[in-house]
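Here the structure is laid out as structure tokens; the discussion comes afterwards.
The first residue of the sequence shown is numbered 1, and numbering continues consecutively from there. Indexing begins at 1, ligand by ligand and atom by atom, following the structure's order.
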Amino acid sequence: MRLPRNLLARFFANVLALAAVAGAATAEARPYDEIKKSGTLIVASEGQFAPFNFFQGSKLSGFEIDVAEAVVAKMGLKIEWKAIGFDALLAGLKQDRWDMVIASHGITEERSKAVTFTNPHYCSGGVIVSKSDAIKTAADLSGKVVSVQTGTTYLENVKKVAGVKEVKNFPQDTDARAALTTGRVDAWVTDRFVAKAALDSAPAAGLKQGDFLFIERIAAAVSKGNTSLSGEFNKSLAAIMADGSYAKISDKWFKEDVRCKSR
Ligand code: ARG
């Protein structure tokens, strides 16, 4: 049977219109009121970045997982966790696949164009790790091969160092680390606390921590412009920073207080 042409055209126009509506609906971030009504905040992290976010058995654990749990409990909500590859986390906010991302993202100008950051939950920086005493400073990276996790500020900052021979990218920071331990690269750039945990957990690997390459403020992110949510999060973050519960969590993981000293 042959359908009349205009009927077919109308059918396809309707399909397109429906797709557009569906697209618009999924692009709509949930404002705080709607989240509050549902009782659950959907938060995505990575789960491969110890001691900040990682799996202990099947349980997502780590410093920023504990911080998020404490903040969100203060907001009177529960968290539904999602564990997603680092590269897909911020993009998922745009598609409204989750309400928030907490995965040690440094606040950068570039990212701020795409998402809204909350206030920082800690301050840290990227350090140089190598197996050699001769590779400690940015200048020492000249002529060297360096591993970093794809999509990170470590990559951005290593790119700025003059004379680096090659930057090798890995989807996970743990792979960037393995590249160094197995001798495929000369240096690995990662977070100072991630480096410390790596050095402490495997002293036999012979890793040495060098200088800071840069420092950064680390924050959770919400969909661009979802300020009702970031505002409530910021209030509760300030509350746990004031009432001693943040200090307790920080001490548990680092034996020091890692909050930013100035905002
Ligand atoms: N702090 C770095 C950045 O902002 C690395 C974050 C990596 N996080 C992770 N969950 N692997 O890009």
Side-chain angles (χ1 to χ4, degrees), residues 42-56 59-69 79 81-94 97-98 100-129 138 146-161 167-180 185 187-198 201 209-222 224 250 253-254 258-260 263:
I42 304 172
V43 186
S45 189
E46 184 202 30
Q48 309 291 342
F49 200 57
F52 294 106
N53 63 75
F54 65 105
F55 280 94
Q56 280 181 322
K59 196 182 175 319
L60 196 55
S61 320
F63 168 70
E64 65 195 336
I65 304 301
D66 284 357
V67 168
E69 288 286 359
I79 297 184
W81 286 105
K82 307 254 184 217
I84 309 290
F86 183 73
D87 237 15
L89 287 168
L90 295 187
L93 280 177
K94 236 199 180 112
R97 296 173 61 198
W98 33 82
M100 177 174 280
V101 166
I102 190 157
S104 288
H105 285 90
I107 299 174
T108 67
E109 229 176 86
E110 195 57 32
R111 287 172 178 165
S112 298
K113 288 180 195 159
V115 301
T116 293
F117 281 107
T118 66
N119 290 338
H121 57 289
Y122 72 97
C123 265
S124 191
V127 292
I128 298 162
V129 185
V146 184
S147 64
V148 291
Q149 183 180 21
T150 311
T152 60
T153 50
Y154 315 131
L155 172 61
E156 291 314 309
N157 284 277
V158 173
K159 274 194 201 153
K160 290 185 200 155
V161 178
V167 188
K168 280 201 199 300
N169 276 273
F170 296 87
Q172 294 186 3
D173 190 60
T174 45
D175 298 325
R177 167 190 168 179
L180 175 64
V185 299
W188 164 44
V189 173
T190 191
D191 182 89
R192 66 177 277 220
F193 294 107
V194 173
K196 186 175 185 302
S201 73
Q209 187 166 329
D211 285 0
F212 274 101
L213 203 53
F214 65 100
I215 56 165
E216 60 181 351
R217 300 182 311 142
I218 307 286
V222 299
K224 179 87 180 158
S250 186
W253 289 100
F254 306 112
V258 298
R259 82 183 67 191
C260 299
R263 268 221 263 117

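- Taking distance alone, with nitrogen or oxygen atoms compared against 3.5 Å, Ile218 stays at or beyond that limit from ligand 1.
- Nearest protein neighbour of atom 8 (N) of ligand 1, counting heavy atoms only, is Ala103 O, 2.9 Å.
- At a threshold of 4.5 Å between non-hydrogen side-chain atoms, the residues Trp81 and Lys59 do not count as touching.
- Within ligand 1, the atoms closer than 4.0 Å to a non-hydrogen atom of Gly106 are 3 (C), 4 (O), numbered from 1 in the order shown.
- In this structure, Ser147 and Trp188 have side chains that are in contact, with non-hydrogen atoms separated by less than 4.5 Å.
- Taking the side chain as every heavy atom from C-beta outward, Thr190 and Val129 approach each other to under 4.5 Å.
- Considering Ser104, Ser124, Gly47 only, the shortest heavy-atom separation from atom 6 (C) of ligand 1 involves Ser104.
- If you look at Asp173 next to ligand 1, there are no close heavy atoms at all, none under 4.0 Å.
- Neither the backbone nor the side chain of Thr108 has a heavy atom within less than 4.0 Å of ligand 1.
- Around atom NZ of Lys196, no more than 12 heavy atoms belonging to other residues, nucleotides or ligands sit under 6.0 Å away.
- In this structure, Asn53 counts as a contact residue of ligand 1, since one of its heavy atoms falls inside 4.0 Å of the ligand.
- When heavy-atom distances to ligand 1 are checked against a 4.0 Å cut-off, Gln149 comes that close only through its side chain, counted from C-beta outward.
- Residue contact check for ligand 1: Phe52 places no non-hydrogen atom closer than 4.0 Å to it.
- Heavy-atom contacts from other residues, nucleotides or ligands closer than 6.0 Å to CD of Gln56 number more than 12.
- Remark: ligand 1 and Phe86 share no N or O pair separated by less than 3.5 Å (distance only, no angle test).
- Residue His105 places a heavy atom less than 4.0 Å from ligand 1.
- The closest side-chain heavy-atom distance from Phe63 to Ser250 is below 4.5 Å.
- Defined by atom type and a distance below 3.5 Å, a donor-acceptor pair is present between the side-chain atoms of Thr174 and Gln172.
- Contacts between Glu216 and ligand 1 below 4.0 angstrom, taking non-hydrogen atoms only, involve the side chain exclusively.
- Contact check for Arg192 versus Phe212: side-chain heavy atoms found under the 4.5 Å cut-off.
- Within the 4.0 Å heavy-atom criterion, the part of Arg111 lying near ligand 1 is the side chain and not the backbone.
- Between Phe254 and Phe52, the distance from one ring center to the other falls under 6.0 angstrom.
- To the nearest 0.5 Å, the span separating CG on Asp87 from OG1 on Thr152 amounts to 9.5 Å.
- Taking a cut-off of under 4.0 Å to the non-hydrogen atoms of Glu46, the atoms of ligand 1 that pass are 9 (C), 10 (N), 11 (N).
- Closest protein heavy atom to atom 3 (C) of ligand 1: Thr153 OG1, 3.1 Å.
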